[in-house]
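Okay, structure first, notes after.
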2 protein chains.
Amino acid sequence: MSEALTGGLPRRADARRNRQKLLSAARALIDVQGRDLALEEVARRAGVAIGTLYNHFPTRQALFQALFADDAEVLRQRAEEWRSDPDPAEALIRWLRLQLEYGARGRSMGATVMNMRHEEGSPVQQKHTAMHEAGAALLQRAQANGQVRADVGLARILRLILGILLANEDAPDPDGTLPMFGILIDGIRTGSAS
Amino acid sequence: MSEALTGGLPRRADARRNRQKLLSAARALIDVQGRDLALEEVARRAGVAIGTLYNHFPTRQALFQALFADDAEVLRQRAEEWRSDPDPAEALIRWLRLQLEYGARGRSMGATVMNMRHEEGSPVQQKHTAMHEAGAALLQRAQANGQVRADVGLARILRLILGILLANEDAPDPDGTLPMFGILIDGIRTGSAS
DNA sequence: ACCTGAACACCGTTCAAGT
DNA sequence: ACCTGAACACCGTTCAAGT
């Protein structure tokens, strides 16, 4: 239980190596097979037994979380940095575009992980919360400045970004994300109707 | 091959009954298991052998298409009707909201089918094209009236609706779709920035 | 503290044989 | 023209035994 619940790394060096090999194999496979990647193949490519995979990651979710949780930390940092940007709306939009980029990682698994329900107090949940708070500050700044409508929350915006990614995952033109992102941005700007 | 390619119904009466039983069973299961429903269980619940399922629906896609293709016809009809609505924008929005409702069918499988690549000349493709043209007329009317931005196409809007559905599929609050829909609508209205 | 791999269950898909 | 179900391949998951 130690590793799964604490989220810490394994104590033994060989176990840490195995964990890393599993993550690398999963990362490589996810780009090809998408979210339905075969766990057995992950173990096979990592050169470990299937039981070892389950030792490190008791569920699919645990594997995905380990793959993409660090992205949340990067996104939090950017949000903090851009909080002093002279143009609040521009800073917010830049950050949301970064969410679009990071979310696209691993066939949208990045954004999916970010929108998953995380175990209370888990490392992923903590990182996610920290990112969310930093982003919310960006949003509120733009709202206080009158550039963004006051009646939208960050969660709703981020889930819309997830939707954009998911809808374009198997689309004929996977780069249709930016025009759709543009509609989202215009939808949260002040000055429009309703 | 006849059935799969022509999309027509089977000639024999027992085969038509089997087809219907398969569709009913699939429809019931999809609400529970989502898009990853087990084909074997579909056949089991329909009371036919697994080979019979493959006879009628050679691929998963074929099964899904058969389940939801008729919705396209309904949506086309509504678009035609509302083309004479005095308020073009209101008519368009009402139709898009209908897309949201119909798309939500079967755990968003409805919208997914609508956004799939269909075989050229297949019945689904024809129905989808007809629906798309009728909807595009609604959109153009609202654009000609100056109520909706001229630089957005229907395909982009519909894919955004698909995204909204997918993003809310396993969400804590699955009825967050309407606020997100509101952002989309405001994003395509005239009068906003950019 | 961690690894191994056999064991079991379940599902996807094909196809020869039947009616 | 259609149905059947055995046959094969593959994967998910657990767990007793090992180091």
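These numbers were taken from a predicted model, which means no experiment stands behind them. Naming convention: chains lettered A, B, ... in sequence-line order (proteins, then strands); numbering from 1 in each chain. Both backbone and side-chain heavy atoms feed into the values below; hydrogens, waters and symmetry mates do not.
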Scan for salt bridge (charged side-chain N to carboxylate O under 4.0 Å, His left out) pairs involving residues 64-75 of chain A, sequence neighbours excluded, and state none if there are none.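 Salt bridge (charged side-chain N to carboxylate O under 4.0 Å, His left out) check on residues 64-75 of chain A returns A/Asp70-A/Lys127, A/Asp71-A/Arg105, A/Glu73-A/Arg76.
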
Side chain to side chain donor-acceptor pair (under 3.5 Å) with A/Glu81: which residues, sequence neighbours excluded?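 For A/Glu81, the residues satisfying side chain to side chain donor-acceptor pair (under 3.5 Å) (neighbours in sequence not counted) are A/Arg78.
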
Does [X] have any salt bridge (Lys or Arg N to Asp or Glu O under 4.0 Å) partners at least two apart in sequence or in another chain, and if so, which?
X: A/Asp87; answer: none
X: B/Asp36; answer: none
X: B/Arg27; answer: B/Asp31

Enumerate the residue pairs fulfilling ring pair (Phe, Tyr, Trp, His ring centres under 6.0 Å) with a member in residues 134-155 of chain A, sequence neighbours excluded, ordered by first and then second residue.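 Checked against ring pair (Phe, Tyr, Trp, His ring centres under 6.0 Å) - neighbours excluded - no pair reaches residues 134-155 of chain A.
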
Choose from D/dA1, C/dT4, C/dC3 the nucleotide whose nearest atom is closest to any side-chain atom of A/Ala15.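 The answer is C/dC3, which lies nearest to the side chain.
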
Heavy atoms from C-beta onward define the side chain here; which of D/dT4, C/dC11, D/dC2 lies closest to that of B/Arg44?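 Nearest nucleotide to the side chain: C/dC11.
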
Have a look at A/Arg16 and say if it touches a base, only the backbone sugar-phosphate, or nothing, with a 4.0 Å heavy-atom cut-off.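 Nothing: the residue A/Arg16, judged by heavy atoms under 4.0 Å, touches no strand.
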
Find the distance B/Leu53:CG to D/dG5:P and express it as a whole number of Å.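 That distance rounds to 14 Å.
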
Set of ring-ring contact (aromatic ring centres under 6.0 Å, His included) partners for A/His128, sequence neighbours left out: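 Partners of A/His128 under the ring-ring contact (aromatic ring centres under 6.0 Å, His included) test: A/His118, A/His132.
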
Going 5' to 3' along nucleotides 12-19 of chain C, which nucleotides have protein heavy atoms under 4.0 Å from the base (write B), which only from the sugar-phosphate (write S), and which from neither (write -)? SBB-----

A/His56 side-chain N/O to C/dC2 phosphate OP1/OP2 under 4.0 Å: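 No, outside the criterion.
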
For DNA chain C, write out the stems as range with range, using runs of 3 or more consecutive Watson-Crick or G-U pairs with both distances under 3.5 Å.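 So far as stems of 3 or more pairs are concerned, DNA chain C shows C:4-8 with D:12-16, C:12-16 with D:4-8.
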
More than 12 heavy atoms of other residues, nucleotides or ligands under 6.0 Å from CZ of B/Arg35: is that the case?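 Yes, the 6.0 Å shell around CZ holds more than 12 heavy atoms from other groups.
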
